[in-house]
Amino acid sequence: MPQSTTLLQGTLDLLILKALTSSELHGLGVSRRVHQITNGTFDVQPGSLFPALHRLEEAGWLTSSWGPSETNRRAKYYRLTKAGQKQLVDETTQWNRIALAIAQALKA
Amino acid sequence: MPVISRLAALWKNLTHHGQTERDLDDEIRGTLDLLVAEKIQAGLTCDEARRIAVIELGGVEQVKEQVRYAKTGALLDSVFQDLRYAARSLRKNPGFAAVAILTLALAIGANTAMFSVVNTVLLRPLPYRSAEQLAMLWTGIPGQTLQGRPAYVTVEAWRRHSKSFADIAVLDPVSVTLTDTDGAEKISVARFSPNLLALLGIQPVQGRSFSDREAEERRRLALISHRFWQTRFGGSDDAIGTSIELDGLPSQIVGILPADFHIPSLDADVWEPYTLFPDWEARRGVRGPGSWFVVGRLQPKVTVDHAQTEMNAVARLLDEELPAAERNRGVTVVPLSLYVVGPKARLALWMLTGAVLCVLLIAAANIASLSLARCVGRTREMAIRAALGAGPGRIVRQLLVESVTLVAISGLVGTLLAVAGIRLIRAFGPLDLARLNEASLDLRVLAWAVAISLLTGILIGLAPASTMLRNTLRLSGQEGGRTVSGGLAIRRIRRTLVVAQFALAIILLAGAGLLVRSWLSVQSVDPGFRSERVLSMQLSTTAFAAPAQRANFYDRVLEQIESLPGVESAGLIGDLFISGGSEQIVTTDGSSGTTSGRLSLRRDEASGRLFTTLGTPLLGGRFFSIDDRPDAPRVAIVNEAMARELWPGSDPVGRRFKLGPGDSAGPWFTVVGVVGNMRRQGLETEPMPQMFEPLAQNPSGLETILVRTSSDDPLTMVATIRAAIGRVEKRAPLYGVTTLADRLGADLAQRRLQTSLLIGFAVVALLMAAIGIYGLIHYAVATRTKEIGIRMAVGAKAGDIFRMIVREGLQLSVMGLMFGLVGALLVGRAGSSLLFGVTATDPLTFTTVSLLLCAVAIAACYFPARRAMKVDPMVALRCE
């Protein structure tokens, strides 16, 4: 099972954005969701996840708010912004294009 | 837009640092809590859950650090952190900080001041339009030091034939007597062609210049310099239109030149048309040598080399049309900047800049060595940093920031010192170095100060940084860092630094030594006359126009002066100290008919007792006497150099010569005496051929009177002499009173300054190198007490230990000496044109400074070695 440390930074960003399409999640929640939507293929380490979350927030694609967590402790919840939604669409298109190209190259 | 968003985030990260940190802490700890809760729910115990959760998370601080790296402005933030830490570390070590800042500030200040001089004198473009296109033209073979000046016809021919030059202008500075209601005074007047101002790109600041037609008509118009306008007319508006009396004739002022206009070494108070020479009609047609300074503006994109090649061809072409005796010896094109500051002065300036840079390097080496010594106590700190996640790059960066901060503070203080230094230079610097009084702290100089500070900071920081890199992974953190490998690397670097310091120091010492010997040589040069107790002053006579009246006046003055008690003798000459001669065609009368040739010579009138007053030896024939009257045959006294040129190997007394080609109308001179050579162009210049005529046969309106007094302070006689002259003629203007000894001293001013500066730098360098080696050996002894104890325990005597320590220090200094000597030889050769009377590889100088260096090194090792000697083996072996 490939560890998430082998993920390129771009694909991690894509997965995080996708994970947040339907709901607002805190950091651990994002990690669980990514695990879920990739059927267990990718397990994102906190050491890579949190820096990515902060980076995406600073770029303006995520926004955060504070709320209570499951343990009633103060937790930071992230959600997509409009720009983030658009970014997700752009990156998805690009990813599909790359995947297609590589698949064709490998077939040849 | 990500960019805007990131900028906002940057701002928030920098300004709300504390809040950001708290949020991050909450977030990560919160996540940890969630993980623990999950594990507990899955059935693990509290401790077990916590342990596994921490492993899964990867460590709270580690994750937080990762996040910090990813945030915008992380780099800036960590640099600020480094800066705060650097400031704190300096505050905690005030002794080190004070020593380092003081030393570096002085070194940086000296460097900045020196560079500001170089900047003003050498690097700033001259104050003319596109000054790099301007060049001087001389007659003479390119490369020779003696360059001649052309006659007007030659310049006209150059103008006609050359295509490399867009325009060529001439000027000739002369001494003229200005008479006004206060009396008469000598001023310098430049006679120039009308195109000169346009060629240089200068406009009069008031009024106008004269036109070609006005020059042709020889109209007596004049422009005045800004300084002249301020001092004579108080800067008033009605200066234009007033008339001034020059050499007895009125000239009308039509223009005022700008304040910053000056041609270095060709400056003048009044500027008038070139046609106003009294003998203009004759002068304009004369071929052969002349007296014009020629300035040309090159066509755009034409280089000096290209122009030189073209002018060589032009000169050859022109020479075809001339008889042999009148041919010029070619043309030399010299960029104007090279004329303004000659090669020697440039070399001296660059050498001094290099020397003061060496001093900075030596100082930096000392500070680096000190930093390295401090390093030893910081290995533990660095190991902890590494354990917390600092990569090697981060640690290096922190050390560099520390050293750059230190040097930045020094640089600031140093720049302030430089401002003071520049003010000192402007007040006391050599007056003949062009534009020195414009030295200031402009942008380029500031940039230099910043650059050398930065470089020094990095150099100082590299030493500890490179050793730290080796040590960061060693988490053992042995106390005091006495681990062999860490300590060894540091010792090796410190020893290299000491070797480098000594190498640089010996280069400076050798240079200073050579300059000192040159100075002594110059001082011991025989000027050809005896300068002690002689007064020199200048006397002008516009009152008398006729030669006979002038001669009579001067004779009476000399008579009056000689009759005073306390005066041994008095004599008269046109000018004792000269800047050059003029090239003439000289025809001599030989047994085989007349022969003509070119000679650069100096012509002066002299009174009968001049040579006696000066103490110049008579080598043959006689001095002038009263028989040499205006109506008697023309006679001359020549100096040895001229005699050797014209009549090598035979006695010149009784021979005849004439100035000009054989068929010219000038008189034949008969040589009646030969005198010894006088060095009138400065002590370092070989005396040129000189001829003297009797005062009666060629008096001029301005003469120099020399009085040999019997008192040791000739200046006390000035009042009585002035009174004596007043008895002959009440309003005779007397000025420029000085002693010959002072005048000779002034000549040496530049050399004296260079030598003193270099000696100063060399001494400072040697002192700092001595401090460096003292520090190293002292530290070595302190850390090797155990080893010394062991040695003593197995039989070494105190003397052996002493010698061992001193030998170590000597080894380092000798190694430095070897490297440095090579450098010194190279530098000596590069600067050999500054030397006088010594070769660049003078063995005496090199041996002396080498011995001096070794002696200083031994002295510096003396005290640590003595301390080593006193080590008690029992105590040493017990101490850990």
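In what follows, chains carry the letters A, B, and so on, assigned in the order in which the sequence lines appear, proteins first and then strands, with residues in each chain numbered from 1.
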Residues, nucleotides or ligands: over 12 heavy atoms within 6.0 Å of [X] [atom1]:
X	atom1	value
Lys64(B)	NZ	yes
Gln36(A)	CD	yes
Leu106(A)	CG	yes
Asp90(A)	CG	yes
Arg50(B)	CZ	no
Gln94(A)	CD	no

### Query
Pairs in or reaching into residues 97-108 of chain A: which pass salt bridge (charged side-chain N to carboxylate O under 4.0 Å, His left out), with residues at least two apart or in two chains?
none

So which part of [X] gets closer than 4.5 Å to some heavy atom of chain A, the side chain, the backbone, both or neither?
X	answer
Glu27(B)	both
Arg29(B)	both
Leu24(B)	side chain
Ile28(B)	side chain

### Query
Looking at Trp66(A) and Asp23(B), what are the two nearest heavy atoms and their distance?
CH2-O, 3.3 Å

### Task
State, to 0.1 Å, how close Ala59(A) and Ser5(B) come at their nearest heavy-atom pair, and which atoms those are.
C-OG, 3.4 Å

### Query
Between the side chain of Glu58(A) and the main-chain N/O of Thr72(B), is any donor-acceptor distance below 3.5 Å?
yes

### Message
Is Glu57(A) in contact with chain B via its backbone, its side chain, both, or neither, using a 4.5 Å heavy-atom distance?
### Response
backbone

### Atom group of Arg74(A) that falls short of 4.5 Å from chain B, counting heavy atoms
both

### Query
Going from CD on Glu56(B) to CG on Leu28(A), what distance comes out if it is rounded to the nearest 0.5 angstrom?
8.0 Å

## Note on the structure
Tested for side chain to side chain contact (heavy atoms under 4.5 Å, CB included) against Ser69(A), the lone hit among Asp33(B), Leu34(B), Thr31(B) is Leu34(B)

### Members of residues 406-415 of chain B whose heavy atoms come closer than 4.5 Å to chain A
none

### Query
Does the pair Glu38(B) and Arg32(A) meet the rule for a side chain to side chain contact (heavy atoms under 4.5 Å, CB included), with working shown?
CA-CA 12 Å; Glu38(B) 266 183 18; Arg32(A) 299 285 182 252; 2.7 Å; yes

